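To start, the structure under review is shown below, and the notes come after it.
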Amino acid sequence: RELIHEDDADHVMFKPNPKSFSSFLVKILRDGVMVARPRMSAPAARDGWSAFHRLVANKALQAQEAAKEGQELRPLVSVVITHYNRPHLLRQALDSMHAQTYSPLEVIVVDDASSPTVGDVNMGEYFAELEASFARDGWRLVRHQGESLYVGGARNLGATYAQGEYIMFMDEDNYAKPEEIATFVKAALGSGSGLLTCFVDYFQGVDPPPDPSRHLHPPSYMFLGNALELGIQKNVLGDANMFVRRTAFTAVGGFSTEQGLAFEDWQFMVAASLHGYEVEVVPLALFWKRSMYGEKTMMQYGQEGLSQYLSYRQVLSPYLELVQPPELRYTLMHMQHLLMHTKTRVPNYDEPFMLKQVSAQFGNHVILLAYGMPSTPQRPGSSFILDLHWKCVAPTVYAYAAFVHLKDESGKVVCSADGVPRDGNGIPVRTNEWLPQEVMEDQRRINIPSDIQQGTYSLHIGWYRQDVKTGDRLPLVVDGRVDPRGDYTCPEHVTILPKG
């Protein structure tokens, strides 16, 4: 009971006797199941754990500093960066390597069969410039041509060129904080661990983080390390931006090279844990992970048919190898399948941390907290993803749907994307079923008409009743002013390029 919100406990608990239990079952069958809120909110729990980790980390660092004697060990670190068709982001990743406070280090860039030209960039000339600058720094460019190795194979290829005692893997769209390698080295030497990961801070857009040294409080995402039980269902172990002793990487066997599957970093972490390596988590966000709406990652290029089922099965493979007798492996596979497909209503109370923050309220019920969209111009016939984050002030009496309209300069609607937001498990949740303070992540695909004219267009967002033909809207409230039209205009515009 101490874990359940005091206002909800009596609605979801019963006394340990047959009469109370039967009455409780009757109530559930009549009224449905209520999802209880935790006594401590998710943000409060996250802040508490973050403070605990900072305390432990500070004490460990103080102990290490006090115990230093003689010359400090400075092992060579090899940084393996994989790349495909994103030269503008690779430049930024390399800039973040030049800004590292640690030495000695070497950087190995593996290009996995990029196109001859990317936009207006001639990749042959681009790589020639890179090789010239790499020669001065003692770094290496590895160009793989022909059929793509895929992201796991590209990382493995880079590792074969590594000379360092430790390897740090990095994707071309990430941006290292200046102290990343120095902190990883200190943690590795202090703990003796062969595999380390860290927390993550997210940022958005094509430009570098405004302040690369900044740390978000709390971090955007926190990992647990060797949590193998939870690791069957979700990657709580660590990110691909990992720091691993080269001998440990070789012993585990590297990353999976299966084409068209995701989660190769998750699978490697599981395999390393089951090989007996402790996955230590540095309780700081040592790098920035980029979110770019509408742009494909290296893993997604040419891999539109990523199989979620087979990707999860790949993660499970290290577990299955250890299950005896073999007949029990089907039980584990079935359990993972149930975990993946059980559609339980799970409320979310975490507010967004990396989207454009706004504050537009609709009636006394819903607040638009933030949105995210690509900043790049769009072409006729293309599409892009619009991310919306809603917060419930109070459930509505009637069910409302959210509309997204793309309008031209005259106010004419050229396309729309209406619907009901879904929770984290993909379950549509009507506004009269939302819980107070619940946050909904709402993703909409905006399909641009093929006959749209070049120009600047605006995005309009609001809510309308689903059960009446008049489409009554929730009024928009901004800075105390009420607009009965309920039409919020996004600050950013959508630029449409000429056709062709």
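This one's a predicted model, so the numbers in the text were calculated from it and none came from an experiment. One is the number of the first residue; the rest follow in order along the sequence.
Side-chain rings of Phe223 and Tyr221 approach one another, their centers coming within less than 6.0 Å. Between Phe243 and Phe169, the gap from one ring centroid to the other reaches at least 6.0 Å. The aromatic ring centroids of Tyr161 and Trp139 lie 6.0 Å or more from each other. You'll find the ring centres of His460 and Phe403 outside the 6.0 Å limit.
Counting only N and O atoms by type, the side chains of Thr117 and Asn122 include no donor and acceptor under 3.5 Å apart. Between the side chains of Asn85 and Ser115, at least one donor N or O lies within less than 3.5 Å of an accepting N or O. Side-chain N/O atoms of Gln92 and Asp207 include no donor and acceptor closer than 3.5 Å. With 3.5 Å as the limit, one finds no donor-acceptor pair spanning the side chains of Asn432 and Thr396. Between the side chains of His493 and Glu409, not a single donor N or O lies within less than 3.5 Å of an accepting N or O.
How far CD1 of Ile461 is from CG of Leu459: 6.5 Å, rounded to the nearest 0.5 Å. To the nearest 0.5 Å, atom SG of residue Cys392 and atom CE of residue Met440 are 8.5 Å apart. Of the inter-residue distances, the one linking Ser416 atom OG with His405 atom NE2 reads 5.0 Å to the nearest 0.5 angstrom. Rounded to the nearest 0.5 Å, atoms NZ (Lys289) and CZ (Phe203) are 10.5 Å apart. Interatomic distance, CD1 of Ile181 versus CE of Met170, reported as 8.5 Å (0.5 Å rounding). Here the straight-line distance linking atom CE of Met123 with atom OG of Ser114 works out to 4.5 Å at 0.5 Å rounding.
Using a 4.0 Å cut-off between a side-chain N of Lys or Arg and a carboxylate O of Asp or Glu, Arg444 and Asp442 qualify as a salt bridge. Taking 4.0 Å as the cut-off between side-chain N and carboxylate O, Arg485 and Asp487 do not count as a salt-bridged pair. Under 4.0 Å is where a charged nitrogen must lie from a carboxylate oxygen, and between Glu172 and Arg290 no such pair does. Taking 4.0 Å as the cut-off between side-chain N and carboxylate O, Arg155 and Glu264 count as a salt-bridged pair. Ion pair Asp201/Lys177 flagged as a salt bridge, since at least one NZ, NE, NH1 or NH2 atom sits closer than 4.0 Å to an Asp/Glu carboxylate oxygen.
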Check the pair Glu258, Gln314 against side-chain contact (heavy atoms from CB on, under 4.5 Å), reporting the backbone distance first and the verdict last.
CA-CA 9 Å; Glu258 288 289 335; Gln314 174 176 258; 3.6 Å; yes
With side-chain hydrogen bond (donor to acceptor under 3.5 Å, both in side chains) as the criterion, how do Thr197 and Asp239 come out once you've worked through the C-alpha distance, each side chain's angles and the decisive distance to 0.1 Å?
CA-CA 6 Å; Thr197 185; Asp239 188 80; over 6 Å; no
Step-by-step side-chain contact (heavy atoms from CB on, under 4.5 Å) determination, Asn241 to Glu180
CA-CA 11 Å; Asn241 202 109; Glu180 178 175 22; 2.8 Å; yes
Would Val420 and Tyr400 count as a side-chain contact (heavy atoms from CB on, under 4.5 Å) here? Give the steps.
CA-CA 8 Å; Val420 177; Tyr400 283 78; over 6 Å; no
Just do the ring-ring contact (aromatic ring centres under 6.0 Å, His included) check on Trp266 and Tyr312 with the steps written out, would you?
CA-CA 10 Å; Trp266 179 6; Tyr312 274 96; 5.7 Å; yes
Would Arg214 and Leu216 count as a side-chain contact (heavy atoms from CB on, under 4.5 Å) here? Give the steps.
CA-CA 7 Å; Arg214 181 187 174 202; Leu216 302 181; 3.3 Å; yes
Criterion side-chain hydrogen bond (donor to acceptor under 3.5 Å, both in side chains) on His389 and Gln357, from CA distance to verdict:
CA-CA 10 Å; His389 277 64; Gln357 306 294 316; over 6 Å; no
Step-by-step side-chain hydrogen bond (donor to acceptor under 3.5 Å, both in side chains) determination, Glu492 to Tyr371:
CA-CA 10 Å; Glu492 290 184 276; Tyr371 73 94; 3.2 Å; yes
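Around the CE atom of Met40, the shell of radius 6.0 Å holds no more than 12 heavy atoms that belong to other residues, nucleotides or ligands. Enclosure of atom CD in Gln453 is not indicated, since only 12 or fewer non-hydrogen atoms of other residues, nucleotides or ligands lie within 6.0 angstrom. Surrounding CZ of Arg143 are more than 12 heavy atoms belonging to other residues, nucleotides or ligands, all under 6.0 Å away. Enclosure of atom CD in Glu147 is not indicated, since only 12 or fewer non-hydrogen atoms of other residues, nucleotides or ligands lie within 6.0 angstrom.
Counting only heavy atoms from C-beta outward, the side chains of Gln437 and Lys391 approach each other to under 4.5 Å.
Phe263 approaches Ser311 most closely through the heavy-atom pair CD1-CB, 3.6 Å.
Judged purely by atom type and a 3.5 angstrom limit, Asp408 has no side-chain atom pairing as donor or acceptor with the backbone of Tyr457.
Both the sub-6.0 Å distance and the 45° axial angle are not jointly satisfied by Arg473 relative to the ring of Tyr464.
Taking the six-membered ring for Trp and thresholds of 30 and 60 degrees, Phe249 and Phe268 have ring planes inclined between 30 and 60 degrees apart. Ring orientation note: the planes of His83 and Tyr126 are close to parallel, at an angle under 30° on the 30°/60° scale.
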